[in-house]
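Below is one structure, written out as structure tokens; the observations come after it.
All heavy atoms count here, side chains included; hydrogens, waters and symmetry mates do not. Start at 1 and go down the list; that is how both ligands and their atoms are numbered. Everything quoted here is computed from the prediction, not taken from an experiment.
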Amino acid sequence: MNRHFIESQLGFITTLIFLERKRRYFSNVKTIRPPDHLRGHVDRIKRDGFVVIPDFVSKQTAARMLACVPDESSFEESVEGDRALFYLNAHTLSGFSEFFNSQLLGDIAKAYIGNDVISLRRSIEWRRTKGQVIACDRMYHMDTWKHRLKAFLYLHDVGMDEAPMIYLKGSHEGAWRLPMEARIDARYKTNDRGYAASPDLAFIGCYWPYEVNEFKTLYGLQDVICTGPAGTLIIFDSRGLHRATELKCPYRKLLINYWIKKGNHT
Ligand SMILES: [Fe+2]
């Protein structure tokens, strides 16, 4: 009997083991009270799974940042099959400090995840492949069962043609998540760079459309299409279900920062 067969037969025990791991993880989470001026944002993320901050930077600042994006040769293609280009460690570049060094964002991440929060990836994402792409991010999925807070800053207007993310409002919590969380815990493996250890594994965490429709019906969950003008900031808990949409224009460029609880990158 191989490992996967045993896991399928002992799903109940696997879930119990996972529940104990989850209990231990959350018993070590020590969130802090957010400053008064951030409480609304933190409460909104706790309630809906995301918050939108319009005009996080001005349109002029967003345009200046867009002009600072390096040329394509310094980007690498995503290893997760979505055809996007990434510039890693973008916080080392001048021109993006208002985002990557933002006290406000750091304080929100600390309030949501705890004092031991760390920024795991700070990057520029450049989407340029139009049309349909077969990739895990095109399906509704949860990234993980542990805390993972992501922030997207739009460097130009993002409308329906600019591949806006869809977030299923309120899907970051609920007992219905448990089977998938246990599956991720048991099956998902990362390589030494923190990405899925194989292209197939990247699909763990994805749901079929009929399953998502059932969740919407049963739990009253609703899609939110995250469009917004240049300078808009989207902060979301990527435990909640989300998916990418099709690019219908030449490109989309945005800044990404995301945070986890230290020592929990897998
Ligand atoms: Fe994701």
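- Within H141, NE2 is the N, O or S atom that lies nearest to the Fe ion (ligand 1).
- Checked against the Fe ion (ligand 1), the N, O or S atom of D143 at the shortest distance is OD1.
- The backbone N or O of P164 lies less than 3.5 Å from a partner atom in the side chain of T245, making a donor-acceptor pair.
- With a cut-off of 2.8 Å, the Fe ion (ligand 1) has an N, O or S atom of H242 in range.
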Worked check of side chain to side chain contact (heavy atoms under 4.5 Å, CB included) between R148 and N264: CA-CA 9 Å; R148 188 170 298 186; N264 290 278; over 6 Å; no
Step-by-step side chain to side chain donor-acceptor pair (under 3.5 Å) determination, H156 to Y251: CA-CA 10 Å; H156 51 78; Y251 67 83; 5.4 Å; no
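- Side-chain contact check for S198 and D200: no donor-acceptor pair (N or O, by modelled atom type) lies under 3.5 Å.
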